[in-house]
Colleague: 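Structure below; questions to follow.
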Amino acid sequence: MNISIIGTGYVGLVSGACFAKLGNNVICVDIDENKIEKINKGISPIYEEGLDEILSRNKDKIKATADYKFAIENSDITFICVGTPSKSDLSLDLSYIKKAAEEVGKQVQKKHGWQLIVVKSTVLPGTTKDIILPILEKYSRKKAGAGFGLAMNPEFLKEGIAVKDFLEPDRIVIGSYDKKSSNILKELYKNLSRPIIETTLSTAEMIKYASNAFLATKISFINEIGNMCKKLGIDTYEVADGIGLDKRIGRAFLDSGIGWGGSCFPKDLDALISWYKKENEKPEIIQSTVTINEQQPLRLIKLLKKHIPQINGKTIGILGLAFKPNTDDARESRAIPIVKQLLIEKANVKAYDPKAMNHFKKLFPDIIYCNNSKDVLDADAVIIATAWDEFKKLDYKGKIVIDGRRLLEAKKTAKTYEGVCW
Ligand code: UDX
C-alpha cells in the first residue's frame, strides 16, 4: 500500500519504518529539514533500537519530505502522528494536529479519488470526530465517509523496544467512521496476525488513555504497597511475584521503585485529569496515581538522609538520568525531582547516563556530568535512578548506595545499600 505519515516523532517514524519493512511504500512528512535529510539517508533522527537498520535497508520504500502535496498525491492512506503536548494548564495542546488536519484536508480537496485519513496521535475521546473531522471536511470540501475515510488507530509502543512493540502488538485497535476505512486498515495489518478490535473513533481514543492510566496506576499501586513493605522489611518484588501469578493481576508493570516518567504517562494522565475536571468528574484514582508518583522519588532523599543527615555541601552521585534504560529520553525522568531536591539542599551533584545527558543538560546545566559511570562513584553517596545494565558491573566498594531501580548487584559490594521499596 502507499502510505503517508505526518510527523516523524516516535510514533510516526517507527510506524513509517515498520510499514515499509512490511512491504509498503512510505512518505514521511515533517517540517524539520534535519530529520528529513537524515531519514532520506537511511539514518534515524531518534535513538531507538533497530530503527537505523530498517531505515537503511528500506531506503527504496521510504521518502521524507516537507511537501504535503507530494505526500497526499502519492499515497492512499495518511496517518496523522504529530505531537499532542501538554499546555501550561496540563490540558492537551491540539494546535499541531489541527494544523496537520488542515494541510491534509487542503491536499485531499485537490485530489481525485478517496483518501483514508487515520489519527494515530494520542488524543482525548471525541477529538477525532468532533474536532479533526470538521477540519478535514472544511478544507477538503468533501464529506467524511463519501469523500474520504476516517479512522483512529492508537499506538501502544514503548520507547527502547518500539520496533518490536509495533511488529508484535498485543492487539490492534481500529476505531472508524465508516466500514470501508476499517476494512482497509485490517488489510494493512493482516500480516501481523494479531487480535484486531474494531470499534468507534472515541472508544479507540479511550482505550489508549485507559491503557496508559491503568499501567501507571499499577506502578503507583505497587509503589504504595512497596512503601509499607519497606517499613516492614519485606521485599516488594517478592510480593509482586506473588500477586502477579494471579492471572487477573499479571506481573507486568509491578516493578516498584521511584515511579514512572517519559513522554506519555505524565502527559496522558495530566490530560485525563484536566478533562475529568472540565467534565465535573472526579479523577480520584488517576489523581492519586499522579500524587504517589510525585512523592516517590523524594523517598530516596529521605533514605539518603538516614545515612547522611546533613547533605548540604556533600557530593551526591547520580547513576542514570533517562526515564528508563535503553533510551536517550529524559522527559519527566524521576531523576529530575531528585536532582532538584539535592540542589535545594545545597548538595554538589555529579551524574552520568550512557545516552540521556544531552537532554538532561538542558534542564540542569550546572551539575557535574561525568565521562563514565565509574567517576560518579567518587562521591559521599550514590543514587541509582535508571537501571542501565552497565551499572550492574560497577564496583560499589565502600559506598553508600541508595537504589531507586532495583540494581541488586550494587548490594554485593556496597558498604551500605538501601532499596526504596526493598
Ligand atoms: C508507555 C506505554 O508503556 C506504551 O504502551 C505507550 O505507548 C507509551 O507510554 P514508555 O513511555 O516508553 O511507554 O515507557 P514504559 O516502558 O511504559 O515505562 C514508563 C515508566 O514507568 C518508566 O519511567 C519506567 O521506568 C516506569 N516503570 C515501568 C516502573 O517504574 N515499573 C514498571 O514495572 C514498569
Side-chain angles (χ1 to χ4, degrees), residues 9-15 46-49 51 81 83-84 120-123 153-166 168-173 204-205 207-227 236-237 239-241 243-244 249-272 289-290 292-297 299-300 320-338 353 355-356 359 384-388 403-407 419-422:
Y10 260 94
V11 171
L13 190 58
V14 172
S15 304
I46 54 175
Y47 173 77
E48 187 59 36
E49 178 99 12
L51 205 45
C81 305
T84 51
K120 216 178 205 345
S121 306
T122 301
V123 288
N153 169 226
E155 200 36 65
F156 302 96
L157 51 85
K158 295 184 288 302
E159 291 184 27
I161 49 169
V163 170
K164 185 172 179 299
D165 278 350
F166 186 95
E168 300 166 22
D170 293 326
R171 79 294 204 198
I172 295 159
V173 175
E205 292 157 335
I207 290 172
K208 173 63 186 176
Y209 271 95
S211 300
N212 277 359
F214 185 77
L215 291 168
T217 301
K218 240 183 141 176
I219 300 166
S220 285
F221 172 80
I222 200 67
N223 285 340
E224 188 162 81
I225 294 285
N227 297 338
T236 316
Y237 278 66
V239 175
D241 293 346
I243 67 173
I249 301 174
R251 176 61 181 82
F253 278 61
L254 287 178
D255 290 348
S256 63
I258 50 176
W260 40 266
S263 59
C264 297
F265 287 175
K267 171 176 79 82
D268 294 350
L269 272 80
D270 286 343
L272 267 180
T289 293
V290 171
I292 292 166
N293 200 56
E294 283 161 356
Q295 293 160 354
Q296 201 60 15
R299 284 184 174 261
L300 261 183
L321 301 171
F323 82 96
K324 65 176 185 177
N326 309 320
T327 173
D328 63 355
D329 197 342
R331 284 177 283 184
E332 303 295 332
S333 163
R334 297 296 80 199
I336 295 169
I338 292 169
D353 188 283
K355 294 286 176 192
H359 281 181
I384 299 173
T386 317
W388 287 93
D403 185 3
R405 291 296 186 189
R406 187 81 173 174
L407 219 81
V420 67
C421 292
W422 50 89

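Whatever order the structure lists them in is the order used to number ligands and atoms, beginning at 1. Treat the numbers as computed from the prediction; the structure is a model and nothing was measured. Nothing fancy with the numbering, it's 1 onward along the sequence.
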Colleague: May I ask you to decide if S220's main-chain N or O and Q296's side chain share a donor-acceptor pair within less than 3.5 Å?
Modeller: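 No; zero donor-acceptor contacts below 3.5 Å.
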
Colleague: Based purely on interatomic distance, does L215 place a nitrogen or oxygen under 3.5 Å from a nitrogen or oxygen of ligand 1?
Modeller: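 Between L215 and ligand 1, no N or O pair is found under 3.5 Å apart.
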
Colleague: Among K208, E155, K324, which residue places a heavy atom closest to atom 18 (O) of ligand 1?
Modeller: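 Going through K208, E155, K324 one by one, K324 has the nearest heavy atom to atom 18 (O) of ligand 1.
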
Colleague: Closest non-hydrogen protein atom to atom 2 (C) of ligand 1, residue and atom name please, with distance?
Modeller: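 Answer, as residue, atom name and distance: F265 CE2, 3.6 Å.
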
Colleague: Heavy atoms only, cut-off 4.0 Å: how does L157 contact ligand 1, side chain, backbone, both, or neither?
Modeller: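 It is the backbone that gets close, since no side chain atom is under 4.0 Å.
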
Colleague: Give the contacting part of N212 toward ligand 1: side chain, backbone, both or neither, where contact means a heavy-atom distance below 4.0 Å.
Modeller: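 Just the side chain.
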
Colleague: Does E332 come within less than 4.0 Å of ligand 1, judged by its heavy atoms?
Modeller: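 Outside the 4.0 Å threshold, so no.
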
Colleague: Using modelled atom types and a 3.5 Å cut-off, is there a donor and acceptor pairing between side-chain atoms of K164 and backbone atoms of P169?
Modeller: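 Checked: no pair found.
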
Colleague: So which of Y10, F156, F323 gets nearest to atom 25 (O) of ligand 1, if we judge by its closest heavy atom?
Modeller: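 Heavy atom nearest to atom 25 (O) of ligand 1 belongs to F323.
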
Colleague: Note the single closest protein heavy atom to atom 30 (O) of ligand 1, along with its residue, its atom name and the distance in Å.
Modeller: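 Minimum-distance protein heavy atom for atom 30 (O) of ligand 1 reads R405 NH1, 3.2 Å.
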
Colleague: Please state which protein non-hydrogen atom is closest to atom 12 (O) of ligand 1 and give its distance, to 0.1 Å?
Modeller: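 Result for atom 12 (O) of ligand 1: E159 N, 2.6 Å.
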
Colleague: Can you report which non-hydrogen protein atom sits closest to atom 21 (O) of ligand 1, along with the distance?
Modeller: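 For atom 21 (O) of ligand 1, the nearest protein heavy atom is W260 CB, 3.3 Å.
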
Colleague: Identify whether the distance between the nearest side-chain nitrogen and carboxylate oxygen of D255 and R406 falls below 4.0 Å.
Modeller: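 Salt bridge absent between D255 and R406.
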
Colleague: Can you check whether I219 has an N/O within less than 3.5 Å of an N/O in ligand 1?
Modeller: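 In this structure, I219 places no N or O atom under 3.5 Å from an N or O of ligand 1.
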
Colleague: Take atom CZ in F221; do more than 12 heavy atoms of anything else shown fall under 6.0 Å from it?
Modeller: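 At most 12 heavy atoms, drawn from other residues, nucleotides or ligands, come within 6.0 Å of this atom.
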
Colleague: Does some non-hydrogen atom of C264 fall short of 4.0 Å from ligand 1?
Modeller: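 C264 counts as a contact of ligand 1 under the 4.0 Å cut-off.
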
Colleague: So is G257 touching ligand 1 or not, going by heavy atoms under 4.0 Å?
Modeller: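 The answer is no: ligand 1 sits nowhere under 4.0 Å from a heavy atom of G257.
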
Colleague: Measure the distance from atom 33 (O) of ligand 1 to every protein heavy atom, then report the residue, atom name and distance (to 0.1 Å) of the closest one.
Modeller: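 Here the closest protein heavy atom is D255 N, 2.9 Å.
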
Colleague: Do R331 and F323 meet the cation-pi criteria used here (NZ or CZ under 6.0 Å from the six-membered ring centre, within 45° of the axis)?
Modeller: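 So R331 doesn't make the cation-pi contact.
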
Colleague: Can you tell me if K218 has a non-hydrogen atom under 4.0 Å from ligand 1?
Modeller: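 No, K218 has no heavy atoms under 4.0 Å from ligand 1.
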
